[in-house]
Amino acid sequence: MKNVMSILALLAAIMVTSCSPTVKITGNWMNPDLAGKKKYEKIFLFAIGSDMGAKQSVENAQAKAAAAEGIKTVKSTEVFGPNFLANRPTKEDVIAKIKETGCDAVFTSALVDVKSETRYVPGTTSYAPYYGYYGSFGGYYGGMGAYMYEPGYYTEDQTYFIESNLYDLATEQIVWSVQSEAYNPTNIDNFARTYSAVLIEKLQKEGVLK
(Lines give C-alpha, C1' and ligand atoms only; values in the text may rest on other atoms or scores of the structure.)
Protein backbone atom coordinates (compact mmCIF):
# COMPACT_ATOMS: atom_id res chain seq x y z
CA MET A 1 0.00 0.00 0.00
CA LYS A 2 1.41 3.28 -1.08
CA ASN A 3 1.36 6.13 1.36
CA VAL A 4 1.80 9.63 0.44
CA MET A 5 3.41 12.95 0.61
CA SER A 6 6.01 15.14 1.85
CA ILE A 7 5.22 18.68 2.88
CA LEU A 8 6.85 21.41 4.70
CA ALA A 9 6.39 25.04 5.22
CA LEU A 10 9.12 27.49 5.90
CA LEU A 11 9.38 31.09 4.77
CA ALA A 12 12.32 32.55 2.90
CA ALA A 13 13.75 33.83 6.19
CA ILE A 14 14.87 30.34 7.17
CA MET A 15 18.54 30.83 6.43
CA VAL A 16 21.01 30.03 9.24
CA THR A 17 24.56 28.77 9.41
CA SER A 18 24.36 25.23 10.75
CA CYS A 19 25.41 22.29 8.59
CA SER A 20 22.19 20.28 8.61
CA PRO A 21 18.72 20.54 10.12
CA THR A 22 17.37 18.30 12.84
CA VAL A 23 13.67 17.61 12.40
CA LYS A 24 11.33 15.77 14.73
CA ILE A 25 7.59 15.26 14.94
CA THR A 26 6.27 16.44 18.29
CA GLY A 27 2.61 15.54 17.94
CA ASN A 28 -0.12 14.44 15.56
CA TRP A 29 -3.84 13.80 15.41
CA MET A 30 -5.99 11.63 13.14
CA ASN A 31 -9.68 11.96 12.42
CA PRO A 32 -11.00 8.46 13.17
CA ASP A 33 -13.89 8.93 10.75
CA LEU A 34 -11.67 9.78 7.77
CA ALA A 35 -8.06 8.68 8.25
CA GLY A 36 -7.33 5.58 6.19
CA LYS A 37 -10.94 5.28 5.04
CA LYS A 38 -10.69 6.95 1.65
CA LYS A 39 -8.28 6.71 -1.25
CA TYR A 40 -7.27 10.12 -2.53
CA GLU A 41 -6.42 10.26 -6.22
CA LYS A 42 -4.76 13.66 -6.34
CA ILE A 43 -3.36 15.93 -3.62
CA PHE A 44 -3.24 19.72 -3.78
CA LEU A 45 0.02 20.98 -2.27
CA PHE A 46 -0.37 24.31 -0.52
CA ALA A 47 2.70 25.73 1.23
CA ILE A 48 1.53 28.83 3.04
CA GLY A 49 3.79 31.88 2.90
CA SER A 50 4.18 35.24 1.25
CA ASP A 51 7.43 34.62 -0.64
CA MET A 52 6.72 33.09 -4.05
CA GLY A 53 10.25 31.77 -4.53
CA ALA A 54 10.12 29.99 -1.18
CA LYS A 55 6.70 28.53 -1.93
CA GLN A 56 7.93 27.17 -5.26
CA SER A 57 10.97 25.54 -3.65
CA VAL A 58 8.81 23.93 -0.99
CA GLU A 59 6.13 22.63 -3.33
CA ASN A 60 8.63 21.36 -5.89
CA ALA A 61 10.28 19.26 -3.18
CA GLN A 62 6.91 18.01 -1.99
CA ALA A 63 5.79 17.04 -5.48
CA LYS A 64 9.01 15.13 -6.14
CA ALA A 65 8.71 13.15 -2.92
CA ALA A 66 5.03 12.42 -3.55
CA ALA A 67 5.76 11.24 -7.11
CA ALA A 68 8.28 8.75 -5.71
CA GLU A 69 5.38 7.21 -3.77
CA GLY A 70 3.14 7.09 -6.85
CA ILE A 71 0.96 9.98 -5.71
CA LYS A 72 -0.35 12.58 -8.13
CA THR A 73 -0.10 16.18 -6.95
CA VAL A 74 -0.88 19.70 -8.07
CA LYS A 75 1.14 22.66 -6.81
CA SER A 76 -0.63 25.80 -5.68
CA THR A 77 2.04 27.99 -7.27
CA GLU A 78 1.02 26.65 -10.68
CA VAL A 79 -2.68 27.25 -10.10
CA PHE A 80 -3.13 30.45 -8.13
CA GLY A 81 -0.49 32.59 -9.79
CA PRO A 82 1.19 35.57 -8.14
CA ASN A 83 -1.92 37.76 -7.95
CA PHE A 84 -4.69 35.33 -6.99
CA LEU A 85 -4.06 35.26 -3.25
CA ALA A 86 -2.89 38.87 -3.21
CA ASN A 87 -6.42 39.87 -4.21
CA ARG A 88 -7.71 38.26 -0.98
CA PRO A 89 -10.14 35.71 -2.47
CA THR A 90 -12.88 34.21 -0.32
CA LYS A 91 -12.64 30.67 1.02
CA GLU A 92 -15.25 29.64 -1.54
CA ASP A 93 -13.14 31.09 -4.37
CA VAL A 94 -10.06 29.18 -3.20
CA ILE A 95 -11.92 25.88 -2.87
CA ALA A 96 -13.54 26.29 -6.28
CA LYS A 97 -10.16 26.93 -7.85
CA ILE A 98 -8.70 23.81 -6.21
CA LYS A 99 -11.64 21.65 -7.32
CA GLU A 100 -11.03 22.72 -10.91
CA THR A 101 -7.72 20.83 -10.78
CA GLY A 102 -9.45 17.51 -10.02
CA CYS A 103 -7.86 17.22 -6.57
CA ASP A 104 -9.82 15.55 -3.80
CA ALA A 105 -7.56 16.46 -0.86
CA VAL A 106 -5.45 19.41 0.23
CA PHE A 107 -2.23 19.34 2.24
CA THR A 108 -1.27 22.64 3.83
CA SER A 109 1.76 23.59 5.86
CA ALA A 110 2.63 26.70 7.78
CA LEU A 111 5.38 28.05 9.97
CA VAL A 112 3.59 28.82 13.23
CA ASP A 113 6.42 30.02 15.49
CA VAL A 114 10.16 30.64 15.75
CA LYS A 115 12.25 30.61 18.93
CA SER A 116 15.84 31.82 19.22
CA GLU A 117 18.29 30.95 21.98
CA THR A 118 21.85 32.16 22.45
CA ARG A 119 24.38 29.68 23.87
CA TYR A 120 28.09 29.72 24.57
CA VAL A 121 30.39 27.19 22.87
CA PRO A 122 33.50 26.70 25.06
CA GLY A 123 36.97 26.99 23.56
CA THR A 124 39.12 23.92 22.89
CA THR A 125 42.80 23.07 23.22
CA SER A 126 44.44 20.53 20.91
CA TYR A 127 47.97 19.23 20.40
CA ALA A 128 49.49 19.41 16.92
CA PRO A 129 52.76 17.47 16.50
CA TYR A 130 55.45 18.55 14.05
CA TYR A 131 56.67 15.62 12.01
CA GLY A 132 60.08 15.67 10.31
CA TYR A 133 60.87 13.43 7.39
CA TYR A 134 57.34 13.83 6.05
CA GLY A 135 55.72 11.91 8.88
CA SER A 136 58.19 8.99 9.08
CA PHE A 137 58.95 7.12 12.29
CA GLY A 138 62.21 9.03 12.67
CA GLY A 139 60.40 12.31 12.47
CA TYR A 140 57.83 11.18 15.03
CA TYR A 141 60.47 9.85 17.41
CA GLY A 142 62.37 13.09 17.54
CA GLY A 143 59.53 15.42 16.64
CA MET A 144 58.15 18.40 18.44
CA GLY A 145 54.71 19.77 18.79
CA ALA A 146 52.61 22.72 19.85
CA TYR A 147 49.33 23.29 21.64
CA MET A 148 46.66 25.19 19.73
CA TYR A 149 43.76 27.01 21.36
CA GLU A 150 40.45 27.78 19.68
CA PRO A 151 38.60 30.50 21.60
CA GLY A 152 35.00 30.07 22.69
CA TYR A 153 32.18 31.92 21.01
CA TYR A 154 28.47 32.64 21.23
CA THR A 155 26.04 31.22 18.70
CA GLU A 156 22.31 31.57 18.18
CA ASP A 157 20.17 28.46 17.82
CA GLN A 158 16.80 28.70 16.12
CA THR A 159 13.89 26.31 16.39
CA TYR A 160 11.05 26.48 13.86
CA PHE A 161 7.62 25.09 14.67
CA ILE A 162 5.65 23.79 11.69
CA GLU A 163 2.09 22.50 11.40
CA SER A 164 0.85 20.49 8.41
CA ASN A 165 -2.74 19.44 7.82
CA LEU A 166 -4.43 17.09 5.37
CA TYR A 167 -8.01 18.02 4.44
CA ASP A 168 -10.71 16.07 2.66
CA LEU A 169 -11.91 18.44 -0.05
CA ALA A 170 -15.43 17.04 -0.32
CA THR A 171 -16.25 17.53 3.36
CA GLU A 172 -13.61 20.20 4.12
CA GLN A 173 -12.82 18.25 7.28
CA ILE A 174 -9.32 17.69 8.57
CA VAL A 175 -8.02 14.14 8.12
CA TRP A 176 -4.62 14.36 9.76
CA SER A 177 -2.62 17.04 11.53
CA VAL A 178 1.06 16.91 12.47
CA GLN A 179 3.23 19.30 14.47
CA SER A 180 6.99 19.33 13.96
CA GLU A 181 10.12 21.15 15.09
CA ALA A 182 13.11 21.99 12.89
CA TYR A 183 16.32 22.81 14.72
CA ASN A 184 18.75 25.11 12.90
CA PRO A 185 17.66 24.42 9.31
CA THR A 186 20.22 25.61 6.77
CA ASN A 187 17.84 26.53 3.96
CA ILE A 188 14.52 25.60 2.45
CA ASP A 189 15.86 22.88 0.13
CA ASN A 190 17.76 21.05 2.89
CA PHE A 191 14.79 21.30 5.20
CA ALA A 192 12.45 19.98 2.50
CA ARG A 193 14.45 16.81 2.02
CA THR A 194 14.80 16.14 5.74
CA TYR A 195 11.21 16.93 6.62
CA SER A 196 9.94 14.84 3.72
CA ALA A 197 11.74 11.76 4.99
CA VAL A 198 10.42 12.22 8.54
CA LEU A 199 6.86 12.87 7.41
CA ILE A 200 6.66 9.97 4.95
CA GLU A 201 7.95 7.59 7.60
CA LYS A 202 5.22 8.78 9.98
CA LEU A 203 2.52 8.41 7.34
CA GLN A 204 3.71 4.88 6.53
CA LYS A 205 3.62 3.83 10.17
CA GLU A 206 0.15 5.20 10.79
CA GLY A 207 -1.50 4.37 7.45
CA VAL A 208 -3.14 7.76 7.24
CA LEU A 209 -4.07 7.35 3.59
CA LYS A 210 -5.48 4.32 1.88
CG on N31 to CG on L166, rounded to 0.5 Å: 10.5 Å
Residues in side-chain hydrogen bond (donor to acceptor under 3.5 Å, both in side chains) contact with Q56, at least two apart in sequence or another chain: none
Where P32 and K37 come nearest, the two heavy atoms and their spacing: O-NZ, 3.0 Å
Within-4.5 Å side-chain heavy-atom neighbours: K42 and T73: no
Pairwise distance OG1(T101) to CG(L169) - rounded to 0.5 angstrom: 8.0 Å
Contact check, side chains of D104 and F44, non-hydrogen atoms, under 4.5 Å: no
Student check: side-chain heavy atoms of K24 and S180 closer than 4.5 Å: no
Interatomic spacing from OG in S164 to CZ in F107 - rounded to 0.5 Å: 4.5 Å
side-chain contact (heavy atoms from CB on, under 4.5 Å) partners of D168, counting only residues at least two apart: L34, K38, Y40, A170, T171, V175
Modelled atom types, side-chain donor and acceptor of Q179 and S177, under 3.5 Å: yes
Test side-chain contact (heavy atoms from CB on, under 4.5 Å) applied to F84 and V79, step by step: CA-CA 9 Å; F84 179 76; V79 175; over 6 Å; no
Rounded distance [0.5 Å steps], NZ in K75 versus CG in L45: 8.5 Å
Side chains of E163 and S109, donor plus acceptor under 3.5 Å: no
Euclidean distance, Q158 CD relative to K115 NZ, rounded to 0.5 Å: 13.5 Å
Stepwise side-chain contact (heavy atoms from CB on, under 4.5 Å) check, W29 with I174: CA-CA 10 Å; W29 177 85; I174 190 168; 3.5 Å; yes
Minimum side-chain heavy-atom gap I43-I71 below 4.5 Å: yes
Closest non-hydrogen atom pair between V112 and I162, with its separation: CG2-N, 4.3 Å
Closest approach of A47 to S76 (non-hydrogen atoms, all atoms of both residues): N-OG, 4.5 Å
Atom pair OH/CD1 of Y167 and I98 - distance to nearest 0.5 Å: 11.0 Å
Distance-only donor-acceptor check, side chains Y183 and E181, under 3.5 Å: no
Close aromatic pair by centroid cut-off 6.0 Å: F80 and F46: yes
